[in-house]
Amino acid sequence: MTAISDKYAPQYFLPEECTYDWVKKDRITKAPKWCSVDLRDGNQALIKPMSLEDKLEFFKLLVKIGFKEIEVGFPAASETEYRFCREIIERGLIPDDVTIQVLTQAREHIIRKTFDALEGAPHAVVHLYNSTSVAQREQVFGKSKEEIKQIAVDGAILLQKLARETKGDFTFQYSPESFPGTEIEYAVDVCNAVIDVWNPTPDKKVIINIPTTVQIAMPHVFATQIEYIHKHLHSRDAVTLCVHPHNDRGCGVSDAELAVLAGAERVEGTLFGNGERTGNVDIIVLAMNMYTHGVDPGLDFSHISQLRERYEHFTGMKVHERSPYSGDLVFTAFSGSHQDAISKGMAFREAGKSGDKWTVPYLPIDPKDLGREYESDIIRINSQSGKGGVAFILEHNFGIALPKTMREEVGYLVKGYSDRHHKELSPKEIYEIFTKEYVDQKGVFEIGHCAFSHKEGKDVKGKITLKVGSKEYTKEATGNGRLDAVSNAIKEYFGTSYELTDYEQKALSKGSKSKAVSYVGIVKDGKKYWGVGIHEDIIRSSIKALAAAANRLEKNTDFR
């Protein structure tokens, strides 16, 4: 039986003489030039292409992000594409520092239609292409290498002629389409023939674009191909070497990054990786990857959620929850160990111990740099969560900074609730579970009015009112402090015993700044019972916490 794998074989080519200088580089130190192809490549990949109005709004969005080069369409492809090009030119919608780009096949009537669409353009790149691969030459066109090269040369000559005859400022770009299946030396030969026609100078450069039309090679192979092209193009100082990676093998980002290491100076791609089949390289991922290495990409993605909403509106596409940097869940930790590490890392940073660099575990970039919120994005709680995540939610959403020795118990309480109900818990639900268990305890008794007196060197004396059912009782007791005096009154009245082991008091860090939060732990028969009190008065908050702890003890033991 023939294996499925026997049906396939590599179709890419490496140059006879390979160099690997790109391997010696460990990072990108300068952002490439960016060209968005959302309005052309991304648009033609949609089930329902964008309307003229949507393309206008999308164009404005791309300008706002900071793109200086934007491919606006294939003017000869449809009336909408043609009208859009004319609209942004005639209405003066192209900023002075922005260059539009249009695509054209190397066919005379298409090239002429393209220049008609560009009449009066302040700055425009005319992107010429024809297919060069072995498969296309043999199966589609039935032409020789020389005939295919002549198509490119004839197209380049016509571009030059029409640019002289058309009002506007034009830059030329050429792509050997279906490059991945083209012999490298031949691809360079075709590109050089086009360059020789255009005769560029360092002051008037042309662009040679290498597309991974269908991605068929591993990224290191593509990088080696790009390095060969980089070193063998004519008039290299007058050429901008560009790449246009597709994502058929899921390697669009790595192809682009390694290509830049290998000599590429420009990258064409789309927001969120939209494009034909599996899409183009995601420029958002490329840009954010550079941020994590300390390189400014020159693009503004500081409001990623709003950008994603507008993109989904324009295209009808959906951004996956796990899409790097932009997905709903990419900064979210459900795992207990991850939550604990993130929570401690955030505390470490807030304490000023991490210097000016971002080093929080599990978060390669600060979510706030993308307009994401710590409270809703970083840590979310389900049955897989742990003490660190629950503590983080309570502190960052409600100002409840749990004592370290209390966190594990609260974590198990909350995740147990999630497990029983088979659902993720919102911050509001977590707070309600917490307050019901530790704050709003209504058990055997409440503590009413308390009066204290204290003489230096003596114990504190207290007169404490206990409300038991519908009755009130007043007890006098002494202690080494007010809270101890109240505790002794409780123990004496009910004839019980326990040890007051933990007491912490903190200001409520969110909401009312005048409120204090007290945490009290008591131990009976080796088991600890926590209570929490919240009140404007520090003493009152600690008494409420003690009462909550004692009532929790009552629910679990023979308190009286």
Side-chain angles (χ1 to χ4, degrees), residues 32-42 44 67-74 99-106 110-111 114 123-133 136 148-149 151-153 155-156 159-160 170-182 184 186-198 200 204-215 217 222-223 225-236 238-247 252 255-260 262-270 275-276 279-281 283 286:
K33 293 181 179 180
W34 305 109
C35 178
S36 159
V37 295
D38 291 88
L39 298 177
R40 194 274 302 173
D41 199 332
Q44 73 184 28
F67 285 101
K68 302 303 179 186
E69 298 180 13
I70 301 171
E71 189 169 81
V72 297
F74 195 147
T99 298
I100 62 170
Q101 177 172 303
V102 294
L103 186 70
T104 177
Q105 291 176 321
I110 293 177
I111 294 173
T114 300
H123 316 281
V125 173
V126 185
H127 183 180
L128 175 76
Y129 76 94
N130 70 305
S131 196
T132 59
S133 69
Q136 293 266 11
I148 292 293
K149 181 169 71 171
I151 291 173
V153 169
L159 250 66
Q160 202 169 43
F170 304 109
T171 296
F172 301 144
Q173 174 172 328
Y174 173 72
S175 289
E177 203 255 345
S178 68
F179 164 81
T182 305
I184 303 303
Y186 175 62
V188 171
D189 183 36
V190 175
C191 290
N192 281 335
V194 170
I195 291 171
D196 291 345
V197 169
W198 288 336
K204 186 66 174 176
K205 291 188 176 186
V206 298
I207 302 167
I208 293 297
N209 178 61
I210 306 300
T212 55
T213 307
V214 178
Q215 192 177 58
F222 184 62
Q225 294 170 330
I226 293 299
E227 185 169 294
Y228 180 86
I229 295 169
H230 161 61
K231 292 180 176 179
H232 290 82
L233 287 178
H234 291 177
S235 306
R236 185 63 186 88
V239 174
T240 298
L241 180 57
C242 177
V243 291
H244 180 116
H246 278 259
N247 204 39
D255 271 1
E257 290 183 329
L258 297 187
V260 170
E265 302 141 295
R266 184 178 187 262
V267 175
E268 294 184 348
T270 57
E276 293 281 15
N280 293 289
V281 66
I283 285 184
L286 285 175

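Note that this is a predicted model, so its numbers are computed, not measured.
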Verify, without hydrogens or angle tests, whether Asn192 (side chain) and His232 (backbone) share a donor-acceptor contact under 3.5 angstrom. yes

Hey, what do you get for CG (Asp38) to CZ (Phe67), rounding to the nearest 0.5 Å? 6.5 Å

Any donor-acceptor pair under 3.5 Å from Ser178 side chain to Ser133 backbone: yes

Residue pair Phe170, Leu159: steps toward the side chain to side chain contact (heavy atoms under 4.5 Å, CB included) verdict: CA-CA 10 Å; Phe170 304 109; Leu159 250 66; over 6 Å; no

When rounded to the nearest 0.5 angstrom, what distance separates CD1 in Ile110 from CZ in Phe74? 5.0 Å

How many angstroms lie between atom CD of Gln160 and atom CZ of Phe172, to the nearest 0.5 angstrom? 6.0 Å

Any idea which heavy atoms bring Val267 and Cys242 closest together, and the distance? N-SG, 4.3 Å

Before you tell me yes or no, could you show the steps for Tyr129 and Leu103 under side chain to side chain contact (heavy atoms under 4.5 Å, CB included), namely the whole-Å CA-CA distance, both residues' side-chain angles and the distance that decides it to 0.1 Å? CA-CA 8 Å; Tyr129 76 94; Leu103 186 70; 3.6 Å; yes

Under the side-chain hydrogen bond (donor to acceptor under 3.5 Å, both in side chains) test against His244, which residue among Thr212, Asn280, Thr213 passes? Asn280

Among Thr240, Ile195, Ile207, Ile208, which one satisfies side chain to side chain contact (heavy atoms under 4.5 Å, CB included) with Pro200? Ile195

From CZ (Arg266) to CD1 (Ile210), nearest 0.5 Å: 12.5 Å

Tell me every residue that passes salt bridge (charged side-chain N to carboxylate O under 4.0 Å, His left out) with Lys205, counting only those two or more places apart in sequence or in another chain. none

Write down the atom of Ala152, the atom of Asn130, and the distance for their closest heavy-atom approach. CB-OD1, 3.4 Å

Working note: Glu268 + Gln173, criterion side-chain hydrogen bond (donor to acceptor under 3.5 Å, both in side chains); need CA distance, chi angles, decisive distance, verdict. CA-CA 12 Å; Glu268 294 184 348; Gln173 174 172 328; 2.9 Å; yes

Rounded to the nearest 0.5 angstrom, the CD-CG distance for Glu227 and Leu241 is 11.5 Å

Is a donor on one side and an acceptor on the other found under 3.5 Å between the side chain of Asn247 and the backbone of Gly252? yes

To the nearest 0.5 Å, atom CD1 of Ile226 lies from atom CD1 of Ile184 at 8.0 Å

Show your reasoning for whether side chain to side chain contact (heavy atoms under 4.5 Å, CB included) applies to Tyr186 and Lys149. CA-CA 9 Å; Tyr186 175 62; Lys149 181 169 71 171; 4.2 Å; yes

Given Arg236 and Glu265, is the salt bridge (Lys or Arg N to Asp or Glu O under 4.0 Å) satisfied, shown in steps? CA-CA 12 Å; Arg236 185 63 186 88; Glu265 302 141 295; 2.9 Å; yes

Checking side chain to side chain contact (heavy atoms under 4.5 Å, CB included) against Pro176, which of Thr182, Thr132, Val188 comes through? Thr132

Under the side chain to side chain contact (heavy atoms under 4.5 Å, CB included) test, residues paired with Thr99 that sit two or more places apart: Glu69, His123, Val125

Test Val190 against Tyr174 for side chain to side chain contact (heavy atoms under 4.5 Å, CB included), laying out the working first. CA-CA 10 Å; Val190 175; Tyr174 173 72; 3.2 Å; yes

What is the minimum heavy-atom distance between Ala156 and Val194, and which atoms define it? CB-CG1, 3.9 Å

